[in-house]
Amino acid sequence: MERLTIKEALKEDYIGQKITVCGWIRTRRESKGFVFIVLSDGSAQETMQLVISGVLSAKNYIHRCNTGAAIKATGVLRESPAKGQQYEMDVSDIEVFGESDQDLYPLQKKGHTFEFLREIGHLRARTNTFGAIFRIRNILADSVHQFFRERGFVWVHTPIITSGDCEGAGELFTVTSLDFSNLPRSGDASVDFSRDFFGRKTYLTVSGQLEAEFLAMSLGKVYTFGPTFRAENSNTTRHLSEFWMVEPEMAFADLSDDMKLAEDFIRFLCARVLEGGENELAFLEAHYKRISREEIRRLAETEFIHIPYTDAIRELQNAPVIFEFPVSWGSDLQSEHEKYLTDEVMKGPVIVTDYPKELKAFYMRMNDDGKTVAAMDVLAPRIGEIIGGSQREERLSVLKDRMREMRIPMESLQWYLDLRRFGSAPHAGFGLGFERLVQYLTGMVNIRDVIPCPRAPGNI
RNA sequence: UCCCGGGUAGCUCAGUCGGCAGAGCAGGUGGCUGUUAACCACCCUGUCGGGGGUUCGAAUCCCUCCCCGGGAGCCA
């Protein structure tokens, strides 16, 4: 089908030329001599105004051109004589591919609530807000690969089905092919997973980190970018049951290398989204006023503030505000504490480092003080934690001690310990919740609005 | 999972003390010579979330379940 996308067509080059565009009708306005149609095809934030006048408007098919209908329009592109758009098409021919019953089509010209749009997930991408979000999501996903490719990282594909029941990252979804109406039982009446598909109990992955570690310990610098699953019963604006995570892992790197990578990464993504998503960001900024291009530009240019956990606690204890949860060394930072640090004190992202070992996973490297580990969390304003990372414990005996302390079963992780037995080396990495980043940069309030098909408890 | 707030027309919401089910928008029809969430007139629209109870009478009061939103926890 010979046609231009609206993104391609809205250029000076085509003025005076006869072109064809396809798309879905956003709105139609009629007056006696004219019909105005706003057409969108998803290629850009901009829409094409179609002007139908005179003889053509009398043709009966124009009545089939309702909100939501898919059409092909051919005509001459010209500068618009009216305010509101730079160019418009003087339509000479229209073909209707698919009509849209106005009594049933749920999208109106007027704005809808996000709650309502979530109920019609298959149609919400046709709105200008969701079009903008999903195009920005694409720019960011593309930029993730670009960033790591430019720095010599290997994109590795870690498994989605795992046997790992000891990664300590929350509740897991069980994967099984057992017949639920006839479950095999062991002697004690529990389900006998040795007769399941893989011969043992399996789960959807909660993180590709452990696998990324063995790949980093052979390929040097690697990253994963793929779906991740948590069966936590979390009902918040910043959790999903299925989300995408970016997890770089570097051999011969320590915590400061890790932090530098995380910072460079976020700054790079900000710069790229400003470049490629200018119109989308401008639209979201104008409509929702949650984040500005100026703020993203600042983010792309400024160094993040680093603060050790111990200093952060002191800062919070001296804060001239009353927190609901008390602040004390050894307790985790609550949402309100994180928000105070990012929104009030630093007015931007903050990297908190060196948390008490009790608050963090078994694989994080023990610091010399014996009390804290080489961990770092990147906290973003409004959203909270978007990155969690650490230098990994490379010393076999220290790691084994930690696993015993935290009652991590060692049998199934012998391969992980092997990495410390054979050519162990300092290494570090982090995990970034991709949707949280999209959420932060688009200013969306609810994380369910930055992924096409959000998965959440009781909601599929 | 816990704590709040909600569920009334396709959408957003009002509905007083328990007494006839409402508005704006959308949609339909007509009008209007350039509209921008167009405008003007008329018309159409209901399992008041489900079930049970109190009452002469329930959208309204009580019980219960479901769903949605916000916050918290868990985390990315």
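Every value quoted in this text rests on a predicted model; they were computed, and no experiment measured them.
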Separation between the [atom1] atoms of [N] and [M], rounded to whole Å:
N: B/A9; M: B/C17; atom1: C1'; answer: 27 Å
N: B/C25; M: B/C62; atom1: P; answer: 35 Å
N: B/G52; M: B/A58; atom1: C1'; answer: 14 Å
N: B/A14; M: B/A23; atom1: P; answer: 16 Å
N: B/A59; M: B/G49; atom1: C1'; answer: 12 Å
N: B/G24; M: B/G69; atom1: P; answer: 30 Å
N: B/U1; M: B/U60; atom1: C1'; answer: 32 Å

Review point. Are a donor atom and an acceptor atom from the side chains of A/Trp244 and A/Thr228 found within less than 3.5 Å of each other?
Key: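 Distance-only check fails for A/Trp244 and A/Thr228.
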### Task
Could you tell me whether the side chains of A/Arg29 and A/Ser31 share a donor-acceptor contact shorter than 3.5 Å?
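Absent: no donor and acceptor within the cut-off.
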Discussion item. Can you pull out every ring-ring contact (aromatic ring centres under 6.0 Å, His included) where at least one residue sits in residues 335-359 of chain A? Sequence neighbours excluded, please.
Written reply: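 Those involving residues 335-359 of chain A are A/Tyr309-A/Tyr355, A/Phe323-A/His337, A/Phe323-A/Tyr340.
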* Which pairs pass ring-ring contact (aromatic ring centres under 6.0 Å, His included) with one or both residues in residues 65-113 of chain A, sequence neighbours excluded? ->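 Listed by first then second residue: A/His112-A/Phe116.
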Please give, in whole Å, the distance from [N] [atom2] to [X] [atom1]?
X: A/Met89; N: B/U36; atom1: CE; atom2: C1'; result: 18 Å
X: A/Asp332; N: B/A76; atom1: CG; atom2: P; result: 11 Å
X: A/His287; N: B/U36; atom1: NE2; atom2: P; result: 16 Å
X: A/Ile37; N: B/A38; atom1: CD1; atom2: P; result: 13 Å
X: A/Glu385; N: B/C74; atom1: CD; atom2: C1'; result: 11 Å
X: A/Leu333; N: B/A72; atom1: CG; atom2: P; result: 14 Å
X: A/Glu232; N: B/C75; atom1: CD; atom2: C1'; result: 7 Å
X: A/Leu123; N: B/G10; atom1: CG; atom2: P; result: 17 Å

- Query: Which is it for A/Glu393 and A/His427 under the side-chain hydrogen bond (donor to acceptor under 3.5 Å, both in side chains) test, yes or no, and what are the steps along the way?
  - Reply: CA-CA 8 Å; A/Glu393 183 56 75; A/His427 61 292; over 6 Å; no
Considering every strand and a 4.0 Å limit on heavy-atom distances, what is the contact class for A/Leu437: base, sugar-phosphate, or nothing?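 No contact.
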query: Under 4.0 angstrom, heavy atoms only, what part of the nucleic acid is A/His112 near: base, sugar-phosphate, or nothing?
result: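 It contacts sugar-phosphate atoms only.
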Is the ring centre of A/Phe265 less than 6.0 Å from the ring centre of A/Phe148?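 So the answer is yes for these two rings.
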Exercise. Which residues satisfy the side chain to side chain contact (heavy atoms under 4.5 Å, CB included) test with A/Glu285, sequence neighbours excluded?
Worked result: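 Here the qualifying residues are A/Ser292, A/Arg293.
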Q) Would A/Gln209 and A/Arg392 satisfy side-chain contact (heavy atoms from CB on, under 4.5 Å), going step by step from the backbone distance to the final call? A) CA-CA 11 Å; A/Gln209 184 202 310; A/Arg392 319 308 187 187; 3.4 Å; yes
Review point. Take atom CD in A/Glu12; do more than 12 heavy atoms of anything else shown fall under 6.0 Å from it?
Key: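 Count not over threshold, so no.
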Q.
Parallel, tilted or perpendicular: which one describes the rings of A/Phe34 and A/Phe36, with boundaries at 30° and 60°?
A.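 Geometry flag for A/Phe36 against A/Phe34: parallel rings.
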### Distance (rounded to the nearest 0.5 Å) between A/Asp41 CG and A/Thr5 OG1
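Spacing of CG (A/Asp41) from OG1 (A/Thr5) equals 5.5 Å.
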* To do: Report yes if a side-chain nitrogen or oxygen of A/Thr113 is closer than 4.0 Å to either non-bridging phosphate oxygen (OP1 or OP2) of B/U12; otherwise report no.
  =>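 Checking B/U12 against A/Thr113, a side-chain N or O does come within under 4.0 Å of OP1 or OP2.
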Treating primed atoms plus P, OP1 and OP2 as sugar-phosphate and everything else as base, which nucleotides of [range] get B, S or - for protein heavy atoms under 4.0 Å?
range: nucleotides 26-35 of chain B; answer: SSS---BBBB
range: nucleotides 43-48 of chain B; answer: ------
range: nucleotides 65-71 of chain B; answer: ---SSSB

Distance under 6.0 Å and angle within 45° of the ring axis: does A/Arg151 meet both against A/Phe268?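 Verdict for A/Phe268: a cation-pi partner in A/Arg151.
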